[in-house]
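Please read the structure below before turning to the comments.
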Number of protein chains: 2
Amino acid sequence: MTDVSRPAISPGASPLFLREDEVRRGIELLYFGYTRLTNAIDQELGKQGLGRAHHRALYFIARKPGLTVGELLKLLAITKQSLGRVLKELQDQGFILTSPGVVDRRQKLLRLTEKGEGLEAELFRQLREKLSSAYVSAGQESVTGFWHVLEGLVPESDRKMVLDLRGDNS
Amino acid sequence: MTDVSRPAISPGASPLFLREDEVRRGIELLYFGYTRLTNAIDQELGKQGLGRAHHRALYFIARKPGLTVGELLKLLAITKQSLGRVLKELQDQGFILTSPGVVDRRQKLLRLTEKGEGLEAELFRQLREKLSSAYVSAGQESVTGFWHVLEGLVPESDRKMVLDLRGDNS
DNA sequence: CGAGATACGTCAGTCATGTTGACGTATCTT
DNA sequence: AAGATACGTCAACATGACTGACGTATCTCG
């Protein structure tokens, strides 16, 4: 497929100055790949009267049930006012429920209701369909490479937060 | 780094149903990687009183000088009203200039001014810094894998448009 | 040549999602 | 008891998208 056998980095060049086309190709594929993947669920969200912002909250609550508002704020990197609106709408429509923190009662712990779990599962199903097919057509080695490059785009200061999403939510 | 040697696809499972964690990892890294990369230029754009939408237009005009409004609309996948506002602002501030189409005078061809080229180059420099460092830390093989997976996320119907950005703008 | 399609522009109103700034309350820490 | 922290909320505003309707210049084709 295309000309991937061509070296992506000119052998003699400084590794900090990759060939411009290689970088532009990454920028473009990241833009188109990301937007097309997220487009995949817009219709389903629309049916429920929700938007992308609601999905992001739903997603992370599904990923780490019982996480606090503060933790979610860090993941989403938006203001508490913006998040507050989104969470209120999700709660009013019965997608999430909250409970006071056990160790610290100032905290509010977020969980999905059954309805919320159902919606998140359906949205995830559609994302998995798209991403799985990309994984399969690219092959296993490509997938690990895909992860490695993306990990390198996440600043050191955020990396722990991102990697902590895996593993400890079983 | 982490446990990438573990098979990403359970050997016995259908390739269309990859393990959930593998897919979630991709979703999350794509989200964080994409947002962190685009964050990198927000400050510079702010200085010029521009936003992300302006950068996307600027980027594609730089990538394919002389492209038409219609072509840019297809790339950005937004309405002509939205694009119209963005282009007007870019033109008013002297970043782009337009000329009537040569073969079809209904068309408007878009190009960067010197000022526009300067800004685009500076924004590109900052994106390249981030992306190059991710490429280097991931390694050459990872980079081609990164591209392959992302190409798989672009629907067949859009792939030609995306691949056409490369090569013929020398 | 004339009719219709096409490329582009524009007016007007709306929506989703983000922002800043200021303040209030309950709870925890020391 | 004082101060920090977690969360909520009111108000005003910015950005960038949307729909719908219309207007003009230009091209294409019967």
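Lettering of chains follows the sequences in order, A, B, ..., and the numbering in each one begins at 1.
Ranking C:dC8, D:dC27, D:dG16 by closeness to the B:Arg105 side chain, first place goes to D:dC27. Among the nucleotides C:dC8, D:dT26, D:dT9, the one closest to the side chain of B:Gln107 is C:dC8. If you check D:dG16, D:dT26, C:dT20 against the side chain of A:Gln81, the one that comes closest is C:dT20. Closest to the side chain of A:Asp104, from the set C:dT20, D:dA17, C:dC28, is C:dC28. Distances from the side chain of A:Arg106 to the nucleotides D:dT5, C:dA7, C:dT20 place D:dT5 closest.
Rounding to whole angstrom units, CG of residue B:Asp42 and C1' of D:dT15 are separated by 12 Å.
Annotation for B:Gln126: atom CD counts as buried by contact number, over 12 foreign heavy atoms lying within 6.0 Å.
Phosphate contact (OP1/OP2 of D:dC18, side-chain N/O of B:Ser82, threshold under 4.0 Å): present.
B:Gly84 comes within 4.0 angstrom of nothing in the nucleic acid, heavy atoms only. Residue contacts for B:Gly51: at a heavy-atom cut-off of 4.0 Å it reaches the sugar-phosphate backbone alone, with no base atom in range.
Between the side chains of B:Gln140 and B:Tyr135, no donor-acceptor pair is found at a separation under 3.5 Å.
Interface remark: the B:Arg85 side chain does form a donor-acceptor pair with the D:dA17 base, using a distance-only criterion of under 3.5 Å.
With hydrogens and angles ignored, the 3.5 Å screen pairs a side-chain donor or acceptor of B:Thr113 with a backbone N or O of B:Phe95.
Comparing A:Ile78 and B:Val69 against DNA chain C, the residue whose closest nucleotide sits nearer the 5' end is B:Val69. Mapping A:His54 and A:Lys80 onto DNA chain C by nearest heavy atom places A:His54 at the nucleotide closer to the 5' end.
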